[in-house]
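Notes to accompany the following structure.
Every chain is numbered from 1 and lettered A, B, ... according to where its sequence line falls, protein lines coming before strand lines. All heavy atoms count here, side chains included; hydrogens, waters and symmetry mates do not.
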Amino acid sequence: MIWLTWRQFRAQFLAAAAVLAAATGYLVIVGLQLHSGFDNLPADCDGLCPGAGRLIGRYRNPYYIGSALVLLAPALIGAFWGAPMIARELETGTHRLIWNQGVRRGRWLAAKLLVTAAAAMLVTGLLSLLVSWFADPLDRLNQDRFQPLMFDVRGLVPLGYAAFAVALGACAGLFLRRTTAAMAVTLAVFTAVQVLMPLAVRPHLRPAVHSEVALNATTLGTARMFGFSGDTLGPDSPMIASLDIPDGWVLTGNEPQAVRHADGRAVTFGTQPCRAEAGGPATRECLAQADLHIAVDYQPADRYWPFQWIETAIYLALTAALAALTTWGLRRRLG
Amino acid sequence: MTAIVETRALTKRYGRRTALADCTLTVPAGRVVGLVGPNGAGKSTLLQLACGLLTPTSGTVEVFGRPPAADSAQLGRVGFVAQDTPTYAALTIADHLRLGAKLNPHWDAALADRRIRRLGLDPSQRAGRLSGGQRAQLALTLAIAKRPELLLLDEPVAALDPLARRAFLQSLMEFVAESESEATVVLSSHLVSDLERVCDHLIVLADSRVRADGEIDDLLATHFRLTTARRDPDTLPAGMRVIHAEHTERQSTFVVRADAAVDDPSWAMEPLGLEDLVLAHLETAADLRPALEPQR
């Protein structure tokens with residue numbers, strides 16, 4: 001059964017292996033340059049020194065290409081490996097040939113799913129490993145690996161996505177009985193799950209940490225946004241800011257929060273400390289001394305790997321559930 | 001006569017469409033059984049139920065006294081050639097044989113190789129490039145190299161030209177002749193002439209019901225065409241069962257079932273060809289169909 005699965009699957013797998021080999025060649029060559037460039041940065045460069053900005057800018061394209069590959073690989077694998085697995089047999093009628101050999105349908109499916117999922121995880125895993133290595137210097141400078149899109153394309157989770165996509169494709173193929181329809185549904189459902197996960201599930205894997213972060217030179221320097229809210233600037237306009245936690249994931253990230261004094265009073269344009277002479281903007285140096293705070297909900301950086309493991313486990317559990325549903329459907333629905 | 005396939009009130013519905021209704025029949029051991037009926041009679045459904053590709057909506061079907069496709073041993077005892085003889089277009093003939101060898105416990109590699117050689121096929125050729133007749137032969141090779149005790153063929157020659165059709169039936173007969181333990185074969189077709197050549201037992205199926213069932217010789221010996229001046233079928237002697245009646249203004253033609261021909265000056269009674277025999281049963285089935293049911 002494994003031989004047959006491999007024989008039918010060989011061409012697709014070799015195509016993927018070719019893409020992987022090309023990506024490896026490209027990213028290794030560019031990556032070695034990137035790594036040596038990173039090693040040449042001053043030791044105290046924390047991502048803000050000019051050399052870091054140049055490095056990030058110069059390797060932006062391969063960085064995006066690599067990340068896009070890891071992002072797309074599971075979806076494409078689900079559509080091109082998973083969806084045809086059963087649908088193609090049903091379309092060409094070959095299920096009536098193969099299910100009358102001396103092997104039960106359940107074993108046939110198990111072999112197909114295991115071989116395909118293993119290949120999918122191997123390809124995606126190698127790709128993720130490669131891209132994680134390549135992008136490591138940039139991830140260290142950007143300190144954003146916990147951000148939703150970055151989290152999806154590094155580390156362990158792509159393996160879970162790949163296995164899930166294969167099972168999803170097989171299941172869709174069984175119930176839709178058409179390869180193209182199964183491919184479309186696989187892509188749609190997979191994308192929906194991938195969007196839903198960071199929005200609705202991942203933030204709650206562990207209760208977020210709530211903390212009052214002091215605005216100092218570092219946090220002000222990396223603030224994503226800092227200013228006053230309101231359509232017109234008046235004495236009552238509140239001062240707002242949104243911060244990034246290095247390597248952490250700020251859940252309130254896109255909504256700027258009110259800046260408060262140590263005693264909890266909101267800072268407004270009229271009451272801001274360090275009012276500059278002649279209405280000019282207050283200097284950051286002065287504000288950093290003023291003991292201002294901002295409330296932040298976030299997942300701290302040290303939860304990155306626990307989150308990777310938990311999310312991978314969730315996807316593998318979904319994979320198992322889909323495989324069970326497909327096995328059941330193969331016995332019932334085609335009856 | 002032991003039954004190889006036995007169905008009781010076998011019914012298969014797809015949603016609201018009934019493919020096979022309340023079908024009860026037995027397939028005797030060691031025979032080559034022709035399953036004949038019009039399109040939509042449920043032949044294909046019946047065969048797929050017998051090999052376990054489909055599961056019944058209600059009723060039972062048993063093969064060798066057990067549910068079909070119950071385990072891999074059961075699967076190994078039944079060969080099935082599906083309608084349109086599907087094969088993997090991207091795989092070569094050799095791949096197909098290897099597939100059969102890997103998946104079947106009683107695979108007869110020598111037989112498979114011999115057949116492919118005799119057919120003059122190149123083992124390295126992809127199945128997708130074979131002609132319809134060659135593809136059917138490949139599918140048949142796969143099914144018989146399993147050394148099945150029951151071989152089911154679902155309209156295997158329907159799509160073939162006359163030459164390929166004859167070659168295929170020839171191969172099938174070789175299998176029957178060569179099989180050491182008496183294999184049972186069920187072959188469905190809507191063409192009686194195909195079945196007449198290879199079968200020794202016939203089951204006529206129409207609207208899921210068995211209309212006639214028996215050894216072909218027996219069927220031929222007991223069916224007659226009776227031509228007479230116009231008369232009521234009820235006036236025929238007892239012992240004659242009227243299968244089908246046709247009347248013109250002055251003349252009546254009956255197809256009757258009787259143990260033997262009866263000589264009577266008022267009629268002509270002659271034996272019936274198999275094709276006419278089957279047609280008589282099918283026409284009767286069509287006449288009996290409730291008027292409200294849409295004709296298929």
Side-chain angles (χ1 to χ4, degrees), chain A residues 1-16 80-81 83-116 173-180 326-335, chain B residues 12-14 44 47-57 67-92 94-96 98-107 127-128 135 138-140 142-143 145-148 150-152 154:
Chain A
M1 209 34 249
I2 295 197
W3 171 81
L4 173 66
T5 308
W6 167 244
R7 180 64 191 80
Q8 289 184 278
F9 179 57
R10 200 167 61 181
Q12 290 138 293
F13 181 77
L14 292 179
F80 286 93
W81 293 4
M85 188 189 295
I86 298 172
R88 179 89 72 217
E89 303 268 353
L90 296 177
E91 261 179 357
T92 56
T94 42
H95 65 292
R96 288 177 287 156
L97 171 75
I98 201 65
W99 293 346
N100 279 290
Q101 306 304 317
V103 167
R104 297 197 60 187
R105 266 183 241 179
R107 260 196 63 204
W108 173 84
L109 177 69
K112 287 232 144 196
L113 273 178
L114 281 176
V115 170
T116 314
L174 170 67
F175 287 102
L176 295 171
R177 294 164 172 244
R178 289 230 149 62
T179 308
T180 41
T326 312
T327 309
W328 175 83
L330 207 57
R331 221 172 282 148
R332 297 272 142 189
R333 162 127 193 176
L334 289 178
Chain B
K12 180 67 188 176
R13 271 189 282 276
Y14 298 100
S44 199
L47 289 178
Q48 292 189 62
L49 284 163
C51 72
L53 269 182
L54 300 177
T55 49
T57 309
D71 51 36
S72 53
Q74 177 91 342
L75 279 166
R77 294 172 74 183
V78 180
F80 179 63
V81 177
Q83 201 160 10
D84 303 326
T85 57
T87 52
Y88 290 107
L91 300 195
T92 64
D95 286 332
H96 278 88
R98 187 146 175 217
L99 171 166
K102 295 240 175 216
L103 301 186
N104 293 292
H106 309 298
W107 183 258
R135 207 154 42 86
L138 174 59
L140 178 65
L142 271 180
K146 283 174 76 171
R147 287 254 160 250
L150 170 65
L151 180 60
L152 305 169
D154 188 3

>> What part of A/Thr94 gets within 4.5 angstrom of chain B, counting heavy atoms only: side chain, backbone, both, or neither?
In response: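 For A/Thr94, heavy atoms of backbone and side chain both lie under 4.5 Å from chain B.
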
> Mind checking what makes ring pair (Phe, Tyr, Trp, His ring centres under 6.0 Å) contact with B/Trp107, not counting sequence neighbours?
Replying inline: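 Ring pair (Phe, Tyr, Trp, His ring centres under 6.0 Å) list for B/Trp107, sorted by chain: empty.
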
With a 4.5 angstrom heavy-atom cut-off, could you sort out which part of [X] is near chain A: side chain, backbone, both or neither?
X: B/Arg77; result: neither
X: B/Gln74; result: neither
X: B/Ala139; result: neither

> Do you know the tightest heavy-atom contact between A/Arg96 and B/Phe80?
Replying inline: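 Taking A/Arg96 first and B/Phe80 second, the nearest heavy atoms are O-CD2, 3.8 Å.
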
> What heavy-atom pair brings B/Ser72 and A/Arg104 nearest, and what distance separates the two atoms?
Replying inline: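 Taking B/Ser72 first and A/Arg104 second, the nearest heavy atoms are N-CG, 3.8 Å.
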
> Given the options B/Ala70, B/Gly76, B/Pro105, which has more heavy-atom pairs under 4.5 Å with chain A than any of the others?
Replying inline: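 Top count of heavy-atom pairs under 4.5 Å with chain A: B/Ala70.
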
> Excluding sequence neighbours, so at least two apart, what forms salt bridge (Lys or Arg N to Asp or Glu O under 4.0 Å) with A/Arg88?
Replying inline: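 Residues passing salt bridge (Lys or Arg N to Asp or Glu O under 4.0 Å) with A/Arg88: none at all.
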
> So which of A/Asn100, A/Ile98, A/Thr92 has the largest heavy-atom pair count under 4.5 angstrom toward chain B?
Replying inline: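 The answer is A/Asn100.
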
> CZ of A/Arg105 to CG of B/Leu75: how many Å apart, nearest 0.5 Å?
Replying inline: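 Answer for the CZ-CG pair, A/Arg105 versus B/Leu75, is 8.5 Å.
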
> Does A/Thr327 have any side chain to side chain donor-acceptor pair (under 3.5 Å) partners at least two apart in sequence or in another chain, and if so, which?
Replying inline: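 Here no residue qualifies.
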
>> Taking the side chain as everything from C-beta on, heavy atoms only, tell me whether A/Gln101 gets closer than 4.5 Å to B/Lys102.
In response: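 Result no, sub-4.5 Å side-chain heavy-atom pair not found.
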
>> Applying a heavy-atom distance below 4.5 Å, give me the residues of residues 1-10 of chain A that approach chain B, sorted by number.
In response: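 Contacts with chain B: A/Met1, A/Trp3, A/Leu4, A/Arg7, A/Gln8.
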
